[in-house]
Enquirer: 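First the structure, which I've put down as C-alpha cells, then a few questions once you've had a look.
Side-chain atoms are counted along with the backbone in the values below, which use heavy atoms only and exclude waters and symmetry mates. Below, read A as the first sequence line, B as the second, and so on, with proteins coming before strands; counting in each chain starts at 1. The shown structure was predicted, so the numbers you read here are calculated from the model rather than taken from an experiment.
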There are 2 protein chains.
Amino acid sequence: MSFPLKSTYQPLTSNSALALVRRLQLFEESAALTCCEIGNANLNHVFQIIDTKSQEGVIIKQAIPYSTAFGKNWSLTLKRSTIESHSLLINATNVHQLVPKVFYSDETLAVTVMEDLSRLQILRTGLIEGKSFPLLSEHIGMYLARTLFYTSDFALEPKRKKELVQKFTNPELCKITEDLVFTDPFFDSATNEYEEGLQKDVELIWGNQSLKLEVAKLKYKYLTQAEALLHGDLHTGNIFASATETKVISPEFAFFGPIGFDIGQFIGNLLLNAISLEESKQEQLFDYIDQTWEVFSSTFTELWETDRIEFHSRIDCCLENLLEQTFEDMIGFAGCELIRRTIGLAHVLDLDGISSKYKRLQAKRHALALGTQLINNRTIIKDTQQLRNYFTNTLSYSCEHHA
Amino acid sequence: MSFPLKSTYQPLTSNSALALVRRLQLFEESAALTCCEIGNANLNHVFQIIDTKSQEGVIIKQAIPYSTAFGKNWSLTLKRSTIESHSLLINATNVHQLVPKVFYSDETLAVTVMEDLSRLQILRTGLIEGKSFPLLSEHIGMYLARTLFYTSDFALEPKRKKELVQKFTNPELCKITEDLVFTDPFFDSATNEYEEGLQKDVELIWGNQSLKLEVAKLKYKYLTQAEALLHGDLHTGNIFASATETKVISPEFAFFGPIGFDIGQFIGNLLLNAISLEESKQEQLFDYIDQTWEVFSSTFTELWETDRIEFHSRIDCCLENLLEQTFEDMIGFAGCELIRRTIGLAHVLDLDGISSKYKRLQAKRHALALGTQLINNRTIIKDTQQLRNYFTNTLSYSCEHHA
C-alpha cells in the first residue's frame, strides 16, 4: 500500500478522505461509509470514517504545515507525520497491543491512516472525571520498558542504532520542547502564560540560579544524550484508555534522547492531576506512580537478562547504575513538567479547570514548589515513597506561605 | 572543483594520481611533477606529488576498502574518506592554521587532495626522539577548544547541530573504537595483543569488576553523548609538528561524541610517552599536559563569553560545571587509552620501542596501573597536578610489585 495520491501536499477534505479509504480497500465494498472531521484542526486534520453497517471505523490524521494554536501562526514541519508513522511502526514490533494499528502512511500528503480508538477515552479527561484505570500502570510501565530497551544500545547493534538515530532526527519538534519545557518558563519570555496571582512565585523561580543551573543540566541531557527512541511527548493527553485497554498515540516528538524523559513527563502529569485533587483522592495517583516505576524497572530488568547484546552489560551493577540514573533523570524531568505546565505556554486542564481561584492558585503554587524541589533534589530522591514525601511537604509549604 | 573522475571506485596508481593533479590545475603548466607512493598502504593509498622545480607538493590520500593491517582482512567503509574531508573543511573554518588545506575531494573515488606536510614530523616520532615542541600545547589546546566549542549546542543553532550529527554518523569507524578501546582490552578477547610477561597484570584487570563498571560508563558516554564533533582518534601519530607548526590530520573517526574524548586520548598518549622516559625527562611531558588543559579551558571560556548562543549558558556556574565534567571525562578516557595501548590490538612505539625487556614490562605495568587509577578516581582528580601525583604513585607501585 504505497501508491502516492498526489505529488504535492494538499489538505484532505471529507470527500478526498473517503476516496482514500475506498482506494485502500480497508472496508468491504458494500460498506456504508460516513466521514466526520473531529478535533480542532490546530495542528492536524483528523477524520473519523465509520461503516454505519458494521460500526467499524478508521482514523485519518493529516499534519497541517502551520498551527493556529495559541493565537499565533507557527510554521510546522510536515516531516512530523513521517516521524509519527515510523515511530508507530517500530512500536508495533515492541508493544503492538499498546499503540494504534497503522494501515497506511503517505509522506507527501503527511497522512497516516490508523485504528479508530473512539471506544477509549483520553486519559487526562478520565483522570479529571475521577475514573479509575486499573491496568494503566502495568501497560505504561510495559510500554516504557519495551520501547526504550529495544531501541537502546543494550539491544541494538551499534550500526542499526546509529541508523535509527539518523532517521529519527527531529529538529523542529525538539526545538518546541527545548524552548517550551526547558527554557522559556525559567526566564521572562514572551511565550509564557501564567495567572497574575502567581507573579511573585514565578519571579522566585526566575531568580533561583541554582534551580536554573540544574534545569540547564537537564536540558543539556535532552540536547545531547541519545540513549533510546523516545515518544517525546508522553503526557496524559496522548494516552487513550479504558478499564481494560491503553493506547499511546501521537509520537510526533519522537527522537533519540535520555531514557528518563518519557517516564518523567508521564509521572509529572500524574502529579499534576494529584495536585488538583483532594487529599483523600490522591492515593490512586500515587499508586499509579509507584506501580509504573515498579513495572518499568522489573520489565526492563527482565529484558536486560534475556535480550541484552551489549558486551559491558554483563558487568555487575551496570543495570543498577542505569536504573538509578534513569530514576534521577525521571524525577528531574517530572519537575520541569510541573513548572512548565504552570508558567509556560501549554497548560493542563487538571489545574486550569479548578474553578475556585483560591484553590487553583494554591494548586499552581504547589506545582511550582514541588517542581523546584524535584529538580534540585533529584540526586537524593531514591524511590517513589520519597517522591511522595516531597509532594506532602511542598503542599504544606504552599498553603502556609500563601494562605 | 567537483567533476567526477570515474563512476565507480578504482584504486589510484601513480599515473592516475598525476593525471588527477594535472586536471585539477593545482600546479603551473610548466611544473615538473613527480609522484611517489608513501606509507604502507594498510588503510589508505598515499601519494606525494612534488614539482621538482618549485619543490611545492600535494598529498593525495585514497581510502582502501579493506585493511591488511594486523595480519587480517578487515573490510572498511570508503565513507571514512568523505567524513575526513568534510571534517577537515569544518575544521578549516575554525582552526585553519592547525589542519592541512584540502584542495579537492571525490566521494566515489574516496580521494582527498590536500596540503603536503612533509616539512613536519609525526609528533609521536619527535617525542620518542626527545625533541621539544614549544608551541604544541598552545596549538592543541586551541584546536580542541575551537573545534569542540563551535560544533557544540553552545555555539550552533539546534537545527544545524542536529544536521551535522546526522552527517557525521560514522558507525563503522566508531565500532572500531567501541571494540578496541572500550571492550576487548577488558575481556579475554581474540583481538588482544600483550606481552607474555604481563599475563598476571592483565588478568587482574579482567577480574576487576569495579574498574569494568567504570569503563562501561565511559563506553556508554561514547555511545550516547553527542556533545560536539570530535576528531575521534587524536593520538600523537595523527599530529604533524615542528618547533613552529602543528597540524592535526586524519579525522576519519570524526563523529559527535563526548567533549572530553579527544583531550583524553591526546593526554593519554602524552602520558604513554612520559612513561617511556627517564624521570628527569618527564617534566616536559607534564608541562605539555598542564598547558594543553590550561589553553583549552581558557580558550573555551573566552569563546563561551563571546560566542555562546545557548540560552541557559548565561546561568552562573554552567561553564564551570561543563569544564569540570570535561576534565573528569578526559581523565577517564586517558585511562582507557593507557590500558588499550598496552593490552589491546593497537600498540604505541613509545612503549613497544623500549629495548630492555625489564624496563619495557615495567613501563607497561606502569601504564596499566596508572590507567586503572585514572579510570577509578576520575571524579576526585581535579587538576593536572593531582594527575601527576597518580603518575608518580603508580610508578612506585609498578616497581615495588614486580622488581
Enquirer: Can you tell which part of B:K161 gets under 4.5 Å to a heavy atom of chain A, answering side chain, backbone, both or neither?
Expert: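 Side chain only.
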Enquirer: Look at atom CD of A:E157 and say whether more than 12 heavy atoms of other residues, nucleotides or ligands are closer to it than 6.0 Å.
Expert: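 Result for CD/A:E157: open.
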Enquirer: Tell me, do B:F256 and A:V165 make a side-chain contact under 4.5 Å, heavy atoms counted?
Expert: no
Enquirer: Would you please go through residues 319-326 of chain B and name the residues with a non-hydrogen atom below 4.5 Å from one of chain A, in numerical order?
Expert: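 The stretch touches chain A at B:N321, B:L322.
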Enquirer: Identify which part of A:I259 has an atom lying under 4.5 Å from any heavy atom of chain B, answering side chain, backbone, both or neither.
Expert: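 When you check distances to chain B, only side chain atoms of A:I259 fall under 4.5 Å.
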Enquirer: Report the option among B:A216, B:S210, B:S152 that has the most heavy-atom pairs separated by less than 4.5 Å from atoms of chain A.
Expert: B:A216
Enquirer: Please check if the number of heavy atoms outside B:E203 that lie under 6.0 Å from its CD is greater than 12.
Expert: yes
Enquirer: So which part of B:K212 gets closer than 4.5 Å to some heavy atom of chain A, the side chain, the backbone, both or neither?
Expert: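 Both backbone and side chain of B:K212 come within 4.5 Å of chain A.
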Enquirer: Should A:I315 and B:F187 count as side-chain neighbours, where that means a heavy-atom distance under 4.5 Å?
Expert: yes
Enquirer: Under 6.0 Å from the CD atom of B:E328, do we count more than 12 heavy atoms belonging to anything else shown?
Expert: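 Count over threshold, so yes.
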Enquirer: Are side-chain heavy atoms of B:F255 and A:K162 found at a separation under 4.5 Å?
Expert: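 Side chain of B:F255 against side chain of A:K162, heavy atoms only: no contact under 4.5 Å found.
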Enquirer: Taking A:Q225 for its side chain and B:Q225 for its backbone only, find out whether a donor-acceptor pair lies under 3.5 Å.
Expert: no
Enquirer: For each of A:Y220, A:F186, A:F182, A:F154, tally heavy-atom pairs with chain B at distances under 4.5 Å, and name the one with the top tally.
Expert: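 Going by pairs under 4.5 Å, I would pick A:Y220.
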Enquirer: Measuring only between side-chain heavy atoms, which start at C-beta, is A:D153 closer than 4.5 Å to B:E178?
Expert: no
Enquirer: Identify the two heavy atoms, one from B:Q166 and one from A:T169, that lie closest to each other, and give their separation to 0.1 Å.
Expert: CG-OG1, 3.2 Å
Enquirer: Using the side-chain contact (heavy atoms from CB on, under 4.5 Å) rule, take A:E172 and B:K159 through it: C-alpha gap first, then chi angles, then the decisive distance, then the call.
Expert: CA-CA 7 Å; A:E172 289 86 357; B:K159 188 173 178 180; 3.3 Å; yes
Enquirer: Under a 4.5 Å cutoff for heavy-atom pairs, which residue among A:N170, A:D179, A:V215, A:L213 has the most contacts with chain B?
Expert: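 Sorted descending by pairs with chain B, the first entry is A:L213.
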